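Input: a single structure, listed below in structure tokens.
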Amino acid sequence: MIFVKIIFLLMFYFVTSNNLIAQNILGDIANKDINITASFNGAKIVIYGVVDPKIYNYTNIYVSVVGPNIEAKLRKKVNRYGVWFLDNKYININFIPSYYAISSNNKIYNMSSSLFKSMEFGWSNINIVGLENKKDSEQNYYKKRLKEIYTEKQLYVSKLNELNVIENTLFRAEFNLPAITPIGHYEVNMYLVNKNNSKLLSSWNDKIFVSKEGFSADLYKYSQNNSLLYGILAAIGAVLFGFFASEIYRKI
């Protein structure tokens, strides 16, 4: 395995060495098309990159994978008479990434730098449409709550200080996509910045397309085109399943 990595490192470096002089960082994705089938239980995103070894010790590398934007409704938890409830009031979030993952060869201590904000790198720097008119304290609350929900569903992945770098040149980032992975285009970004995270030196980006195929694709299209009928059939199916399950259990 190590031998293969070294061969790949040498080939990748010599092929891209001329481009590196101008770009400093280049990348590629192992699988740009991920198909979701009925038996889909998750997938792995593998991203390779190469950086000019002459400047590696003076830079930091950051990688992000951002899923397609979705809409959501978010409610606050309120304590009433010692019991926690979801408040009746909610806010509409018009655009938020359905999946967000980051990796770096550096552990970031200050995510509030102007550079990270301009790149929207890091969960706290994501521009979530629907929160822009809220106070900072409210924005922080909702972002923290969303982060907790995403982490629980494995839709948020943070691997700071875990980027695997070989010989100060070749690096590799891996992210897991959960079984509930949303379909659509995922943006893959690489950033090369100076050591104190104040200046962007180079960047690279590409896309991954996640789609459904087979029976799951047909079912998904039907649910989108005939949402009312699909909901009725799903409810009837759930009732019938529960009835037959109870009958089988009673006989046993």
Side-chain angles (χ1 to χ4, degrees), residues 27-49 61-75 90 92-104 119-131 142-160 162-164 171-191 203-227 230-231 233-234 237-238 241:
D28 200 5
I29 304 168
N31 184 9
K32 296 183 182 180
D33 293 297
I34 299 175
N35 297 318
I36 298 177
T37 62
S39 59
F40 181 81
N41 60 358
K44 180 174 289 186
I45 295 176
V46 181
I47 304 166
Y48 290 98
I61 302 170
Y62 300 103
V63 180
S64 68
V65 178
V66 184
N69 287 329
I70 59 173
E71 297 180 357
K73 288 183 172 64
L74 197 60
R75 304 174 189 269
Y90 62 85
N92 286 313
I93 295 176
N94 299 321
F95 295 101
I96 182 175
S98 55
Y99 176 87
Y100 192 80
I102 57 175
S103 182
S104 174
M119 296 190 308
E120 292 191 37
F121 187 87
W123 185 265
S124 59
N125 296 319
I126 296 175
N127 182 25
I128 301 177
V129 179
L131 297 181
Y142 284 119
K143 281 190 175 183
K144 181 180 178 181
R145 181 61 186 136
L146 283 167
K147 184 178 178 181
E148 292 172 353
I149 295 172
Y150 271 54
T151 301
E152 182 180 349
K153 295 182 177 181
Q154 300 178 30
L155 295 172
Y156 171 75
V157 182
S158 177
K159 292 187 174 183
L160 301 181
E162 294 184 24
L163 192 68
N164 185 23
F171 59 90
R172 169 183 171 134
E174 291 187 4
F175 302 107
N176 291 322
L177 289 176
I180 59 172
T181 297
I183 64 172
H185 286 96
Y186 287 61
E187 294 183 3
V188 178
N189 303 292
M190 291 181 184
Y191 304 105
S203 64
W204 176 92
N205 63 80
D206 204 341
K207 289 185 178 181
I208 297 171
F209 184 59
V210 179
S211 61
K212 292 179 181 288
E213 67 173 16
F215 176 75
S216 60
D218 296 335
L219 189 62
Y220 177 79
K221 290 179 181 178
Y222 185 83
S223 67
Q224 295 296 307
N225 298 328
N226 304 276
S227 57
Y230 176 80
L233 292 175
F241 179 81

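The first residue of the sequence shown is numbered 1, and numbering continues consecutively from there. Quick caveat: nothing in here was measured; it's all calculated off a predicted structure.
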Indicate the atoms forming the closest heavy-atom contact of Gly27 with Trp204, along with that distance. O-CZ2, 3.0 Å
Looking at every heavy atom in both Lys32 and Ile29, which two are closest together, and how far apart are they? CG-CB, 3.9 Å
Answer yes or no: is there a donor N or O on one side and an acceptor on the other, between the side chain of Tyr99 and the main chain of Gln154, under 3.5 Å? no
How many angstroms lie between CG in Asn125 and NZ in Lys143, if you round to the nearest 0.5 Å? 6.5 Å
Do side-chain atoms of Lys159 reach the backbone of Ala173 as a donor and acceptor pair under 3.5 angstrom? no
Which heavy atom of Ser103 sits nearest to which heavy atom of Phe175, and what is that distance? CB-CZ, 3.5 Å
How long is the gap from CD1 on Ile34 to NZ on Lys44, to the nearest 0.5 Å? 12.0 Å
With rounding to the nearest 0.5 Å, note down the distance linking OH in Tyr191 to OG in Ser203. 7.0 Å
Check: Glu120 side chain, Asn127 main-chain N or O, donor-acceptor pair, under 3.5 Å: yes
Nearest 0.5 Å, please: how far is CG in Asn69 from CG in Asn94? 10.0 Å
Which distance, rounded to the nearest 0.5 Å, do you find between the CG of Asn31 and the CD1 of Ile208? 7.5 Å
Within the 6.0 Å centroid threshold, strictly below: Phe121 and Tyr62: yes
Indicate yes or no: at least one non-hydrogen side-chain atom of Tyr156 is less than 4.5 angstrom from one of Leu146. no
Any idea which heavy atoms bring Tyr150 and Pro97 closest together, and the distance? OH-O, 2.6 Å
CG of Leu177 to CD1 of Ile45, rounded to nearest 0.5 Å, is 4.0 Å
A quick test of your reading: do over 12 heavy atoms of other residues, nucleotides or ligands sit less than 6.0 Å from CZ of Phe209? yes
Pick from Val129, Ile126, Ile70: which one makes a side chain to side chain contact (heavy atoms under 4.5 Å, CB included) with Ile96? Ile70
With side chains defined as the heavy atoms from C-beta onward, is the minimum distance between Trp123 and Ile102 less than 4.5 Å? no
Under 3.5 Å donor-acceptor, Ser211 side chain and Asn35 backbone: no
For residues 178-190, which side-chain donor-acceptor pairs fall under 3.5 Å, sequence neighbours excluded?
| from | atom 1 | to | atom 2 | distance (Å) |
| --- | --- | --- | --- | --- |
| Thr181 | OG1 | Pro178 | O | 2.3 |
| Tyr186 | OH | Pro182 | O | 2.5 |
| Asn189 | ND2 | Ser64 | OG | 3.4 |

